[in-house]
2 protein chains.
Amino acid sequence: MQSTHLREHNLSLVMRAVVNATVPVSRATLARSTQLTKPTVSKLVEELITAGLVEEHAPVSQGSGRPMVPLHPAQHTVLGIGLEIAAEHISCLGIDLAGGMLSTRTEYLEVTADNVPEAVQACARLLDQVRAEAGPATLVGVCVAVPGRISPDGESVLSAPNLDWADVPLMRELQRIPALAAVPVLVQNDIRLSVLTEIARRPDESFMYVRGSTGVGGAIVLEGKVLEGVHGWAGEFGHTVVEPDGALCRCGRRGCLEAYVSYHALRERAGLRRDVLIDELVEELSRSSDRAEVIGTIGRSLGLAIANALNILDLSTVVLSGYLGPIAEEIAPFIRETVDRHALAAEVDEIVIERSDDLAAPALWGAARAAISPLLDHPGDWIARSVRA
Amino acid sequence: MQSTHLREHNLSLVMRAVVNATVPVSRATLARSTQLTKPTVSKLVEELITAGLVEEHAPVSQGSGRPMVPLHPAQHTVLGIGLEIAAEHISCLGIDLAGGMLSTRTEYLEVTADNVPEAVQACARLLDQVRAEAGPATLVGVCVAVPGRISPDGESVLSAPNLDWADVPLMRELQRIPALAAVPVLVQNDIRLSVLTEIARRPDESFMYVRGSTGVGGAIVLEGKVLEGVHGWAGEFGHTVVEPDGALCRCGRRGCLEAYVSYHALRERAGLRRDVLIDELVEELSRSSDRAEVIGTIGRSLGLAIANALNILDLSTVVLSGYLGPIAEEIAPFIRETVDRHALAAEVDEIVIERSDDLAAPALWGAARAAISPLLDHPGDWIARSVRA
DNA sequence: CTTAGTATGTTTGAGTTACTAACATACGAC
DNA sequence: GTCGTATGTTAGTAACTCAAACATACTAAG
């Protein structure tokens, strides 16, 4: 490792400390939290300020002693854009370094395999609108959330059942958009982006994130980092086997978790029409007479899959999100019953089952954060760019 | 991060490059592989040589150009000791930096809950003998392999069924040994140590290590690092559920993998006496008339558990070890059948199922390596010590 | 109103560390 | 014997961080 890498590392350390701060931070508190000395932090902070990444606010008195100068991520100077492609809409969100929303837009469009170009055009329109509304902030990156499996190189969507997509070279299409020519673009799975929102709330924790939407997906978070796996699909446990030779799953396998716990499985069980929305389904369930039985079945299947995952990974925290969030209190006892029976960790620790305080669109927010994240890891690149400009 | 940390990092980088080298390395090749410059590498290497961690060998001509000076880990100067506590013996192995055996000893002793002090005394005796035979090398660490679950703080053995141990404060006992007073001591699970041997053979790879012995255990290796989990038990998938409400496992649960695939389960199935050795069991199986059926049952159960684990972790390589090693070729098709049916990764990649070329005592060797490992991570500490001396 | 106390942030000079560029070295090949 | 090539070293430079002292700005108490 070279000495310039050392500086980049420390610059990033300070930058992330400022961005992730919940209470106001000063140069002095940064020096303590980063293990660097005051002069070093001062120098780094000065560089970040001149680059327009950090702002000084008015001095604040903290009891005795000289008042501290609070440091905050610069607002309205940097723009990260998240795009979300869903079955029936495309959304776009612009945030700044502070994580504040600068602008957002949505177009309603039924996305299918037949109108990929239209969807990409919609993305381009939304992008331009959001960018225009966001003011003079410089666009540093775009991240697109897709509800499906992405190829390991991030170039194409291997399969997205809800969109009826298979092998769509999305990156190639996106890069035809003029506005994206000179900007880093990232395509990522929606759940892996949603979990970023949860990570922001639980910094450096380890947990299993379970998200129920049309299917059941998840992600594994180890000490604040999402586990990738060799293809970038780690944590996608919807096709874990919970019942050998059990019910037929729409993936063609038998006994998958999704065959028991998913929008489709639930809808069929409730005998509802095909186009019922998830919210309606949940509501329907709550009126249903065999609600308890349905919840119990879901809970036990989920519990088994979760127990196996917790054993392999040796985790003791589970976060429920998506449609599982609202029914978390109700379903948790069934999950817990199965988990406590099968998870080794339950012998020494209590397995914590919590619900995610999901935002309205966690994937969209996660995508916007992901678009900015490289800047936080390598502030030096941005500084070099702003010097040239 | 401070500049001294940078030096320590680079020192470790060079040290590990020398130790892990399969072909002879020179200062110049190190400069290329570590991304450092020749002068920097020269300085670091000089420091390692004066500290007695690295040795120069006779120059070797490599075609044209000045011959390179091959660098090797110093032999016979540093001693790492591994101890293995098994049901019927205790072994001790001393290796040097180069990974070469300096000395080894074994005592046969039936270890139970009732003779922990005796076992510890045996450890002390073996340690003294191995240390005496190893010559003038300086002892830098001791690691003890135990076939059971270790508490997260590494202080005690929570449970070791084969030894009939439960809550044994092994570290406290070990530290009463005079020879261990001033030496770092580590207690670790035997499988997690065995896997180190496999990692040495597959540097920086990601795979799932499955080891059959009296039970079934495993470890997860991600880019050359063993996944820990919150308690240090990650990968221990013997109690994964393969059949809800299935066969009774000796852990009291139902449907565990171990209830189908383990020494005990196999022995009972073969109708053999309690004290039959694993080797004999395997041999017995090979003569058995329903061998194919037994292998098939094992393979399918294992396959299901492996498929679920591969899905969660998104891995595509499985290494079979222990008693599964010798029968790997035979059992792999059954595992593959199940895995191919259920693992997502099988859709794009072929799942690789291989056998480990296990040494006679992988845990013992892994323990010895683990004893030396801290030195490789922080050569600076050793240098400081050798300067003081 | 002054003085002491305290915490923040800056200045200065020094000490590391690694880098660049040039050079010395030691071989093979023609 | 000279050239080409690759290794390893030397000398000087640039970059980074650190330690210690200092300047700053506030509170609190006499």
Under 4.0 Å from OP1 or OP2 of D:dC18: is there any side-chain N or O of B:Q2 that close? yes
Rounded to whole angstrom units, what separation is found between the CD atom of A:Q35 and the P atom of D:dC16? 21 Å
side-chain hydrogen bond (donor to acceptor under 3.5 Å, both in side chains) partners for B:Q175, two or more places apart: none
Could you list the residues that satisfy side-chain hydrogen bond (donor to acceptor under 3.5 Å, both in side chains) with B:H231, not counting sequence neighbours? A:D314, A:D349
Listed once per pair and sorted, the salt bridge (Lys or Arg N to Asp or Glu O under 4.0 Å) pairs that draw on residues 10-22 of chain B, sequence neighbours left out: B:R16-B:D377
With the side chain counted from C-beta on, respond yes when B:L71 and B:L48 share a heavy-atom pair under 4.5 Å apart, and no when they do not. no
Go through the structure and list residues passing side-chain hydrogen bond (donor to acceptor under 3.5 Å, both in side chains) with A:S356, not counting sequence neighbours. A:E198, A:D358
The complete set of salt bridge (Lys or Arg N to Asp or Glu O under 4.0 Å) pairs with one or both residues in residues 28-40 of chain A, sequence neighbours excluded, reads none
Reckon B:R32 has a side-chain N or O less than 4.0 Å from the OP1 or OP2 of D:dG8? no
Name the residue closer to the 5' end of DNA chain C, choosing between A:S26 and A:M1 according to the nucleotide with the nearest heavy atom. A:S26
When you compare the side chain of A:L44 with that of A:T34, does any pair of heavy atoms fall below 4.5 Å? no
For residues 53-67 of chain A, the salt bridge (Lys or Arg N to Asp or Glu O under 4.0 Å) pairs (sequence neighbours left out) are A:R27-A:E56
If you look only at pairs with a residue in residues 40-53 of chain B, which of them pass as a side chain to side chain donor-acceptor pair (under 3.5 Å), with sequence neighbours excluded? B:R7-B:E47, B:T37-B:T40
Euclidean distance, atom CD of residue A:Q62 to atom C1' of C:dG5 [Å, nearest integer]: 17 Å
Using a heavy-atom distance cut-off of less than 4.0 Å, which residues of residues 40-53 of chain B contact DNA chain C? B:T40
For DNA chain D, which residues in residues 3-16 of chain B have a heavy atom at a distance below 4.0 Å? B:S3
How would nucleotides 20-30 of chain D be written as a contact map, 5' to 3', with B for base contact, S for sugar-phosphate-only contact and - for no contact, using protein heavy atoms under 4.0 Å? B--BBBBS---
Nearest whole Å is fine: how far is D:dT7 P from B:L36 CG? 16 Å
Residues two or more places apart in sequence or in another chain: which of them pass side-chain hydrogen bond (donor to acceptor under 3.5 Å, both in side chains) with A:H5? A:Q2
Please, which pairs that meet salt bridge (Lys or Arg N to Asp or Glu O under 4.0 Å) have at least one residue in residues 179-189 of chain B, sequence neighbours excluded? none
